[in-house]
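One structure is given here, and the rest of the page talks about it.
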Amino acid sequence: KAGVTQTPRYLIKTRGQQVTLSCSPISGHRSVSWYQQTPGQGLQFLFEYFSETQRNKGNFPGRFSGRQFSNSRSEMNVSTLELGDSALYLCASSLAPWGGANTDTQYFGPGTRLTVL
Amino acid sequence: TQLLEQSPQFLSIQEGENLTVYCNSSSVFSSLQWYRQEPGEGPVLLVTVVTGGEVKKLKRLTFQFGDARKDSSLHITAAQTGDTGLYLCAGVAGNTGKLIFGQGTTLQVKP
């Protein structure tokens, strides 16, 4: 069974540009969560999608947005990029909506390394 | 805001030594997870602890959840070079279901 795939793996953008990252969950998984990982802040939750609906959102500005398609694939978009957006963006999938009483395993992808110049 | 503090942030030891990583918070978590992340890869789940006082063992790794469900520890016995990596604890915030990560502990095990 293929794992979580993320594309692209590496991306270089300049300030002010926008970027779209893609995540394909494990087959059959309907929940996709996105995280930002930086050396200073560590891993921070961005948002979670289940059945094309955003279930949960972290404390990030509105420049960060996402969506999920009917095949469970998800995209996240960052508009008006800032230098501080340079990070590893990770997506994770699980069978059911994550959190609360559900502690099913979340499977992480390898991430997209975004560099903003 | 719920925070998880991990210590130490960096650990460099010789193969065969024992070590303990701590994960502390002033908040209660409904469950706590430990992950290991290697360079160029995403975190991989090692264990989930749910009950206060729970102890789980995974070969040479022992995980403990504090009685009050505010802290946890990871103990590695006789570390091996293959244990090298970034260890992350993550707590599930009971009311929101969000996963909150600690800053991580970078472990280097030298031969």
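Quantities reported herein were computed from a predicted structural model and do not represent experimental measurements. A note on names: the letters A, B, ... follow the listed sequences, proteins ahead of strands, and every chain is numbered from 1.
More than 12 heavy atoms of other residues, nucleotides or ligands lie within 6.0 Å of CD in B/Glu38, so this atom counts as buried by the packing criterion. No more than 12 heavy atoms of other residues, nucleotides or ligands shown are found within 6.0 angstrom of OH on B/Tyr22. Counting heavy atoms of neighbouring residues, nucleotides and ligands inside a 6.0 Å radius, atom CZ of A/Arg9 exceeds 12 of them. Heavy atoms of other residues, nucleotides or ligands lying less than 6.0 angstrom from CD of B/Glu5 number 12 at most.
Contacts between A/Leu90 and chain B at a heavy-atom distance below 4.5 Å involve the side chain alone, from C-beta outward. When heavy atoms are compared at a cutoff of 4.5 Å, A/Arg113 does not approach chain B at all.
Contacts of residues 51-74 of chain B with chain A at a heavy-atom distance below 4.5 Å are absent; not one residue qualifies.
By the criterion of side-chain heavy atoms lying less than 4.5 angstrom apart, applied directly or through intervening Ile, Leu, Val, Met, Phe, Trp or Tyr residues, B/Ile76 is grouped together with B/Leu32 in one hydrophobic cluster. Tracing side-chain contacts under 4.5 Å through hydrophobic residues (I, L, V, M, F, W, Y), one reaches A/Val19 starting from A/Val32; they form part of the same cluster. There is a path of hydrophobic side-chain contacts, each under 4.5 Å, that joins B/Leu4 to B/Leu107. Using a 4.5 Å cut-off between side-chain heavy atoms of Ile, Leu, Val, Met, Phe, Trp and Tyr, with links allowed through other members, B/Val21 and B/Val49 fall into the same hydrophobic cluster. If you chain together hydrophobic residues whose side chains sit under 4.5 Å apart, A/Trp34 and A/Leu88 never meet in one group.
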Test side-chain contact (heavy atoms from CB on, under 4.5 Å) on B/Leu99 and A/Tyr35 and set out the steps.
-> CA-CA 10 Å; B/Leu99 196 56; A/Tyr35 297 85; 3.7 Å; yes
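With ring centers used as reference points, B/Phe101 lies 6.0 Å or more from A/Phe45.
Top candidate by heavy-atom pairs under 4.5 Å with chain B, chosen from A/Gln44, A/Lys57, A/Gln6, is A/Lys57. For the set A/Pro110, A/Ala92, A/Gly42, the count of heavy-atom pairs under 4.5 angstrom toward chain B peaks at A/Pro110.
B/Gln37 and A/Gln37 share a side-chain donor-acceptor pair at under 3.5 Å.
Using modelled atom types, no side-chain atom of B/Glu41 and backbone atom of A/Phe108 make a donor-acceptor pair closer than 3.5 Å.
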